[in-house]
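Below, chain A is the first sequence line, B the second, and so on; all start at residue 1.
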Amino acid sequence: MTKDQSQIPAGVDQTIALLAQHDYLAGRALATPVFLALTMQRPLLLEGEAGVGKTELAKVLASAFGAPLIRLQCYEGLDISQAAYEWNVARQMLEIRLAEASGNHSAANVAKDLYRREMLIERPLLAALTSKQRPVLLIDELDRADEPFEAFLLELLSEYQMSIPELGTIRAEHPPIVLITSNRTREIHDALKRRCLYTWVDYPDAQRELDIVRRKAPGISEQLGKDVVRFVQSSRAVDLFKPPGVAETIDWAHALQAMNTVSLDSERIDETLGVLLKYQDDIERVRQSDVKAMMEGRLPGQ
Amino acid sequence: MTPVQSDLGEGPEKPTLIGENVVHFGRFLRHAGLPVGPDRITNAMRVLALVGVQNRDDMHSALASVLVDRHENQPIFDGAFEMFWDRAGEIKPTVAQLTQDAQAGQKSAEQVMHARLAQQFQTPIGPRPNDETEQADAAATFSGRERLREQDFASMTQEEFRAASRLVRALQLPLETVKTRRSRNAVRGQIDLRRTAQRMVRTPDTLRPAFRQRIEQDPPIVVLLDISGSMERYARMFLHFTHGLVRRYQRVDALVFGTRLTNISRCLRDRDVDVALSNAAHQVKDWHGGTRIGSSLRDFNQLWARRLLGGNATLILVTDGLDRDDGTTLTREAALLRRFARRIIWLNPLLRYDGFEPKAAGIRTLLPLTDHFLPVHNVNSLAELGEQLKRRH
């Protein structure tokens with residue numbers, strides 16, 4: 001048994017504990033699929049609103065296992081040469097010229113020379129397969145990449161291998177821990193979903209969010225922490241276009257700390273609302289609604 | 001058959017028992033409409049073996065992680081899980097009984113479960129079946145294509161309507177393609193170094209460059225269709241038109257709304273127009289009801305706009321603009337929608353009346369936000385839509 005395998009938590013409770021050690025407070029609903037993904041060596045597809053800690057989970061897992069984090073940020077037009085590998089064509093051209101100049105070139109030899117391993121420039125996906133140690137591979141915001149790219153991931157995710165036509169198949173010695181995140185700007189293809197464990201990451205409840213704020217903004221006063229969480233929780237119940245995520249809560253707590261706030265009042269809220277809400281419409285709506293009620297954890301108007 | 005056993009240790013026959021229960025559960029979910037194949041069942045057994053059945057919540061999350069793959073299905077799964085497994089991780093007696101009955105070849109448990117879940121999750125109310133009384137006059141009044149193209153959909157007889165829907169489906173949209181950021185091999189364009197190098201290896205001493213070109217794609221189209229009572233004839237014709245679009249173009253999404261919003265893109269993917277439309281009919285629950293444009297737009301903005309209106313999409317809004325909601329929601333949501341869509345084309349059957357004036361509050365709200373405002377009441381007006389889409393701004 002290698003070292004990093006022995007680190008895999010033995011159960012759901014141990015997974016929660018391991019994540020908590022690294023300041024990530026996960027509920028059972030999230031810890032269970034994480035535990036399963038680790039044990040079964042299956043990719044984990046995380047969907048959920050922005051700012052609920054999908055990307056953070058990968059970072060935490062990497063530091064928990066002392067593994068390198070290899071991150072592939074997806075975007076429209078992403079293709080193999082940016083995601084997986086690229087041939088060092090400039091060097092190849094040079095070698096061809098050299099071979100021609102020296103005069104001793106047979107097509108077969110040149111081909112063998114040109115398509116050897118050193119000529120390959122590794123991009124994140126290939127790097128994840130060739131890593132000396134089991135890495136955490138984060139494929140972030142897969143929904144941003146266009147659909148043809150997903151098909152390319154199928155082989156990688158089910159077999160942990162990659163076929164390079166000129167070279168052959170490269171198989172992972174240490175299969176990476178794969179986390180895929182999606183903000184659902186479009187639906188991920190079923191073929192890809194089938195190969196993954198799926199989980200929807202939800203906003204945390206008030207108690208857990210308070211614990212998170214305390215951990216992430218150490219030194220926050222007891223009162224302010226409670227005020228912040230209460231306000232955020234009730235603002236999620238308001239009909240907002242983009243309700244604040246945990247990331248925004250933490251940012252807001254930091255912002256309020258920086259302004260030496262001891263406890264929350266409507267004036268302070270008004271000044272700092274832009275940290276929490278990112279749409280002008282939403283900010284207007286909160287300003288117009290019953291801020292006092294929200295501070296007390298009630299729905300506006302109730 | 002007793003598939004029920006709570007004490008799951010390491011005994012040899014135990015995996016079979018839990019396995020059997022999982023298989024039944026999978027079937028149960030399939031009837032509720034979840035795509036649960038044998039591979040998922042196998043995975044479900046594996047995760048249960050890992051997590052165990054002692055903690056019901058863990059069991060729930062574990063099964064969900066392999067049996068659910070989209071958030072919309074979560075409530076169905078939760079409901080089914082609640083119905084199927086009791087506290088001790090056993091099958092509930094009622095369900096076990098049903099399953100047993102099915103195996104004994106008695107009253108089909110599947111049907112019963114299906115009916116029960118169906119009651120819970122859907123109440124299929126299709127559109128009114130075609131009116132038989134209108135058939136008689138069909139042959140006599142049919143008078144050639146030209147008239148058909150100008151005739152108002154609402155005043156057509158059944159047979160004319162059918163003929164017109166064939167015309168509508170055949171309408172071509174002269175859409176201009178959009179360049180994507182992906183490229184493919186081509187005979188001219190940019191030089192593709194990788195393939196050029198490959199060629200040089202194959203045939204040394206020659207340099208024959210290979211090229212690649214950006215892939216061009218059809219632009220995305222999103223159709224937002226009002227199916228309330230006042231829109232009935234037009235909406236059906238427009239469904240035909242949308243089905244034609246879905247069949248022909250890669251990225252067409254269709255949503256219908258009356259009092260609530262339903263995405264029918266998947267239903268319309270079926271090749272056969274009748275199957276596609278009846279699929280859609282079953283999914284939609286508010287045919288010919290009232291209209292709540294404001295709240296429907298809000299749902300669209302919340303749930304779909306970010307997903308469908310990327311990549312310079314064109315939004316086709318088909319409604320008469322007569323809203324039952326109060327105006328504030330509509331004003332707010334329409335403004336938001338304006339910022340998402342590259343182009344909004346509003347098709348309004350009311351426009352066919354000469355001297356049409358935008359008096360209704362809903363119409364006045366929507367009007368300034370649209371790029372094009374067109375009548376959609378006959379075949380020719382739909383053909384004009386093609387012209388509008390061709391023009392790029």
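Neither the backbone nor the side chain of A:Thr199 comes within less than 4.5 Å of any heavy atom in chain B. Looking at A:Arg285, the atoms closer than 4.5 Å to chain B (heavy atoms on both sides) all sit in the side chain, from C-beta outward. If you measure heavy-atom distances from A:Leu197 to chain B, the contacts under 4.5 Å come from both the backbone and the side chain. For A:Leu78, the part sitting under 4.5 Å from any heavy atom of chain B is the backbone (N, CA, C, O) and nothing else. Looking at A:Pro243, there are no atoms closer than 4.5 Å to chain B (heavy atoms on both sides), in backbone or side chain. Using a 4.5 Å cut-off between heavy atoms, A:Leu44 does not touch chain B at all. If you measure heavy-atom distances from B:Ala62 to chain A, the contacts under 4.5 Å come from both the backbone and the side chain. With a 4.5 angstrom heavy-atom cutoff, B:Arg214 does not touch chain A via any of its atoms. Of the two parts of A:Asp281, only the side chain, counted from C-beta on, holds a non-hydrogen atom closer than 4.5 Å to a non-hydrogen atom of chain B.
In this structure, NZ on A:Lys193 lies 4.0 Å from CZ on B:Arg70, to the nearest 0.5 angstrom. Between the CG atom in B:Leu193 and the OG atom in A:Ser81 there is a gap of 11.0 Å [rounded to 0.5 Å]. Atom OG1 of B:Thr196 is separated from atom CE of A:Met93 by 5.5 Å, given to the nearest 0.5 angstrom. B:His60 NE2 to A:Thr32 OG1: the interatomic distance, rounded to the nearest 0.5 Å, is 10.5 Å.
Atom CD of B:Gln74 is surrounded by more than 12 heavy atoms from other residues, nucleotides or ligands within 6.0 Å. Other residues, nucleotides and ligands contribute only 12 or fewer heavy atoms inside 6.0 Å of the CZ atom of A:Arg144. Around the CZ atom of A:Arg97, the shell of radius 6.0 Å holds no more than 12 heavy atoms that belong to other residues, nucleotides or ligands.
Within residues 113-121 of chain A, the residues that have a heavy atom under 4.5 Å from a heavy atom of chain B are A:Leu114, A:Tyr115, listed by number.
No other option in B:Asn301, B:Asp58, B:Val66 has as many heavy-atom pairs under 4.5 Å with chain A as B:Asp58. Ranked by heavy-atom pairs under 4.5 Å with chain A, the first of B:Ala197, B:Gly52, B:Ala64 is B:Ala197. Among the candidates B:Arg40, B:Arg332, B:Met200, B:Arg298, the residue making the largest number of heavy-atom pairs closer than 4.5 Å to chain A is B:Arg332. Between chain A and the residues B:Ile215, B:Val68, B:Asp57, the largest count of heavy-atom pairs under 4.5 Å involves B:Val68. Counting heavy-atom pairs under 4.5 Å between each of A:Lys242, A:Glu86, A:Arg42 and chain B puts A:Arg42 at the top.
For the 3.5 Å distance criterion, the side chains of B:Arg306 and A:Asn183 fail to qualify, holding no donor opposite an acceptor.
Counting heavy atoms from C-beta outward, B:Asn55 and A:Arg28 have side chains that approach closer than 4.5 Å.
Partner of B:Asp69 under the side chain to side chain contact (heavy atoms under 4.5 Å, CB included) criterion, out of A:Leu192, A:Asp190, A:Ile188: A:Asp190 alone.
Of all non-hydrogen atoms in A:Phe35 and B:Leu50, the two that sit nearest each other are CE2-O, 4.2 Å. Scanning both residues, A:Tyr198 and B:His71, for their nearest heavy atoms gives OH-N, 3.1 Å. For the residue pair A:Ala29 and B:Ser61, the shortest heavy atom distance occurs at CA-OG, 3.8 Å.
A salt bridge links B:Asp39 with A:Arg194: the distance from a Lys NZ or Arg NE/NH1/NH2 to an Asp or Glu carboxylate oxygen falls below 4.0 Å. Ion pairing between A:Glu166 and B:Arg194 holds under the 4.0 Å rule for side-chain N and carboxylate O.
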task: Would you please test B:Ser65 and A:Leu36 for side-chain contact (heavy atoms from CB on, under 4.5 Å) and show each step?
output: CA-CA 9 Å; B:Ser65 74; A:Leu36 290 172; 3.8 Å; yes
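Ring centroids of B:Phe340 and A:Phe241 are separated by less than 6.0 Å, placing the two rings close together.
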